[in-house]
Amino acid sequence: MNLILFRNVSKTYERETSPAVDNVSFAVRDGEMACLIGPSGCGKSTMLKLIAGLESPDTGTVDRPKKVSVSFQFGALFPWLSVFENVALGLRTAGKSGTQLERTVNAELDAMRIRELSHKYPGELSGGQRQRVGIARALAVDPQVLLLDEPFSALDPETTAELHDDVIAAWKRTKKTIVLVSHVIEEAVSMGERVILMKAGKIEAEFPIQLPYPRRENDGFHRDVMKIRAEFFKKNHPSV
Ligand code: ADP
Ligand code: MG
C-alpha cells in the first residue's frame, strides 16, 4: 500500500523561473525506507516539504498521511530545553503528561542510546548526540512517516556510521516509513531499500537496493554505489 503518492506534482517558488519540483510522480509504500539523492538544489528538500505539508504543489496532487515528523540537519533543538524536554515537547503539545509521557520519552532515549543525556542541554552535546535527540523527538510522537533531511551531513564518518546503524534499527523496530534525503551516494546505498535520483526537479532514475543490512561490508555495496554514481554524474546534455 502506498502511504505517499505524488501525481504530476510541480512547484515553483515565488520569484523563481524554473520549478524546484517539475512534474514528479512518485510513491512511497507503507514501511519503506526510501532515499532521495541528487545534487544540491535539485529539489530534494522541496519534496520533503511537500510530503510534510509545509509547501503545497502548484499543480498535481500529493496524498500524504496526517502525522509526519521531520528531523533536519542540525537536529533543530530548543537550546533552553533539556534533552528530555526536547523529546517530550511534541507529546506535551498533544496533551500527554505524567508517567505515560515519561515512559515514552525514556523509551525513545534508550532506543537512540542517549538516556544518560536526559538532563543535558543542546549546547552541551556533540553534533551526533544532537542528531540523536532530533530523531528521538521525531519518533516520540509516533508519526506515520519520518522525514530526515541530510541528517548526517555535518558529522564525522564514525558518528555517521553509528547513526546509520541506529536509524536502521529504529526503522526495523518501529516499521515506520522513512524518507531520507542525502547527497552522498554511499549513504543512500547503506540505508535505502530504494534510491531515487533527482536532477533539476525531476526524478531521473530509481534503484532498488537488495543487499542485506548492514551493507558496507557486503560484496555488492561498491557495485551498487558505482552504478548510481554513473547516473549521478552523467551529463544529460553535451556541454558546448
Ligand atoms: P535541495 O534540497 O536538493 O538542495 P531544494 O529543494 O532546497 O533543493 O531547492 C530546489 C530549488 O528551489 C533550488 O533552486 C533552490 O534555490 C530553490 N528554493 C528552495 N527553497 C526556496 C525558497 N524558499 N524560495 C525560493 N527558492 C527556493
Ligand atoms: Mg536540501
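Atoms within a ligand are numbered from 1 in the order they appear, just like the ligands themselves.
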Checklist entry - Of the protein's non-hydrogen atoms, which lies at the shortest distance from atom 8 (O) of ligand 1, and what is that distance? => result G43 N, 3.2 Å
Checklist entry - Any Lys/Arg nitrogen of E32 or K175 sitting under 4.0 Å from an Asp/Glu carboxylate oxygen of the other? => result no
Item to check | Any N/O pair S45/ligand 1 closer than 3.5 Å | outcome: yes
Checklist entry - Any idea which protein heavy atom is nearest atom 19 (C) of ligand 1, and the distance to it? => result Y13 CE1, 3.3 Å
Checklist entry - What do you reckon, does G38 put a non-hydrogen atom under 4.0 Å from ligand 1? => result no
Item to check | Geometric N/O contact T46 with ligand 1, under 3.5 angstrom | outcome: yes
Checklist entry - Does the ring of F232 carry K234 above it, NZ/CZ under 6.0 angstrom from centre and within 45° of its axis? => result no
Item to check | Contact atoms of ligand 1, heavy-atom distance to S40 under 4.0 Å | outcome: 4 (O)
Item to check | Proximity of F152 and H164 rings by center, below 6.0 Å | outcome: yes
Checklist entry - Is the shortest distance from atom 16 (O) of ligand 1 to a protein heavy atom below 4.0 Å? => result no
Checklist entry - Do ligand 1 and A20 have nitrogen or oxygen atoms that lie under 3.5 Å from each other? => result no
Next on the checklist: Distance under 4.0 Å to a non-hydrogen atom of E16: what atoms of ligand 1 satisfy this?
Outcome noted: 25 (C), 26 (N)
Next on the checklist: Show, in sequence, the C-alpha distance, side-chain angles and deciding distance for D224 and R215, and conclude whether the salt bridge (Lys or Arg N to Asp or Glu O under 4.0 Å) test is met.
Outcome noted: CA-CA 11 Å; D224 282 352; R215 290 174 168 171; over 6 Å; no
Next on the checklist: Taking side chain to side chain contact (heavy atoms under 4.5 Å, CB included) as the criterion, tell me which of I178, L54, V70 meets it with L147.
Outcome noted: V70
Checklist entry - Is the distance from the Mg ion (ligand 2) to the nearest N/O/S atom of T46 under 2.8 Å? => result no
Checklist entry - Taking atom CZ of F6 and atom CG of D63, what is their separation to the nearest 0.5 Å? => result 9.5 Å
Checklist entry - Charged N to carboxylate O under 4.0 angstrom, R113 versus D166? => result yes
Item to check | Gap between atom OG of S71 and atom CG of L146 - 0.5 Å precision | outcome: 7.0 Å
Checklist entry - What's the shortest distance from atom 14 (O) of ligand 1 to any protein heavy atom, and which residue and atom give it? => result G41 O, 3.9 Å
